[in-house]
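The chains referred to below are lettered A, B, ... by the order of the sequence lines, with proteins before strands, and numbering in each begins at 1. Note that this is a predicted model, so its numbers are computed, not measured.
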Number of protein chains: 2
Amino acid sequence: MKRDSKLSGVLHVLLHMLGMKAPATSEQLARVMGTNPVVVRRVMAGLRDQGFVTSAKGHGGGWAVACDPATVTLADIYKAVGEPTLVAMSHRTQMPHCLVEQSVNRALDGAFREAETIFQSHLAAVTLAALSADFNRRLAERGQTIEEQTHAL
Amino acid sequence: MKRDSKLSGVLHVLLHMLGMKAPATSEQLARVMGTNPVVVRRVMAGLRDQGFVTSAKGHGGGWAVACDPATVTLADIYKAVGEPTLVAMSHRTQMPHCLVEQSVNRALDGAFREAETIFQSHLAAVTLAALSADFNRRLAERGQTIEEQTHAL
DNA sequence: TTTCATGGAACTAATTATGTTGCATGAAAT
DNA sequence: ATTTCATGCAACATAATTAGTTCCATGAAA
């Protein structure tokens, strides 16, 4: 299975945006994320629909943070990008009448559900502000400026 | 991403085998699993290497359970099929020098690791015998015989 | 020696996330 | 007004991966 990196990518973008004052264009963010502007728009669309960011067309347009990083958690962002499935395994649902399959599925589903629950509760425990603070701590440790890290946006 | 169903498939096969006396051929098991004999051999190879089942060529050959279902857990089987990754998400590892990426990855990795841990501990809490008992309970509830469930092997 | 079964390699198909291209829309600058 | 810049959206291409398939070799029992 090819693995989904939307959550990782969008968090990366958001953290960079928190360190910027002016709106950022999709192209700038794409450079930060090492991808294509269209991909950025795609993943950011969910955040915009939930009101976490705004987008504006034309001169001076682009993306801006529109939420309080101290109250928005990674779980909110996870939902905003479409809540991609955590679990990379599936059942062979070919034979729903088979009692063996029912037993197996029930056992595995329990383990899957628990993993999802724990995962989301971990995300819910981290705010964007906390992530940003962690970043700034690393920045200070290394004695760099934000500008050096944002790759000359 | 296409999702991995090896664990589900092999458990299905094992449960059917626990209800049989003679060795089962790959073709019989494939019919049970709704797939191809070669696929069965592929997933069973791991179990054989770990000694959970045996395989024999020629007349009267096939696959047989070679372990005590009361002591083997789903976690053992999970490892035997190659420990396919539970998590369907990944980082964008393009820029390892980027401190933002480091912060994001650290936060997500924590959540991923915890999910994996919980998942495996759930698997470790279920033995093959327990799964089989669950199956037999369902069978009794429905008033069917094993033969009816094994689709005339 | 024939038949049956696994073992293993190589190839095909299907799925899905990501990347790409093209054009429409609308806002600001000139 | 018109040009420029930027998002919005749809359609298509690419890449990675899992499962399915075909073919032939090997070896055991009848």
A/R92 side chain near D/dG20 phosphate (N/O to OP1/OP2, under 4.0 Å):
yes
B/K2 has an atom NZ; how far is it from atom C1' of C/dA17, in whole Å?
14 Å
What is the distance, to the nearest angstrom, from the CG atom on A/N36 to the P atom on D/dG8?
15 Å
Counting heavy atoms from C-beta on, name the nucleotide in D/dT17, D/dT7, D/dT21 closest to the side chain of B/V39.
D/dT21
Using a cut-off of less than 4.0 Å, is there contact between a side-chain N or O of A/K6 and OP1 or OP2 of C/dT18?
yes
Does any part of the side chain of B/T71, heavy atoms only, come nearer than 4.5 Å to the side chain of B/T127, both counted from C-beta?
no
5' precedence on DNA chain C between A/T35 and B/A45 (nearest-nucleotide basis):
B/A45
Spell out yes or no: do the side chain of B/R42 and the base of C/dG8 have one donor N/O and one acceptor N/O closer than 3.5 Å?
no
For A/L29 and D/dG8, what is the distance between atoms CG and P respectively, to the nearest whole Å?
12 Å
Give a yes/no answer on whether the side chain of A/S55 brings an N or O atom under 4.0 Å of OP1 or OP2 in D/dG8.
yes
Looking at residues at least two apart in the chain, or sitting in another chain, which of them share a ring pair (Phe, Tyr, Trp, His ring centres under 6.0 Å) with B/Y78?
B/F119
N/O (side chain, B/S5) to phosphate O (OP1/OP2, D/dT18) under 4.0 Å:
no
D/dT7 C1' sits how many Å from A/Q28 CD, rounded?
14 Å
Rounded to the nearest angstrom, tell me the gap between atom CE in B/M44 and atom P in C/dG8.
14 Å
Does B/R48 make a side-chain donor-acceptor contact with the base of C/dG7, cut-off 3.5 Å?
no
Nucleotide by nucleotide, nucleotides 22-30 of chain C touches protein heavy atoms under 4.0 Å in the pattern (B base, S sugar-phosphate only, - none) ---BBBBS-
Checking N1-N3 plus N6-O4 or O6-N4 for Watson-Crick, or N1-O2 and O6-N3 for wobble, each under 3.5 Å, the partner of C/dC23 is D/dG8
Separation of A/E27 atom CD from D/dT4 atom P, in whole Å?
16 Å
Test item: side-chain donor near acceptor, B/S26 and B/W63, under 3.5 Å
yes
Which atom pair, heavy atoms only, marks the closest approach of A/V81 to A/P84?
CG2-CD, 3.8 Å
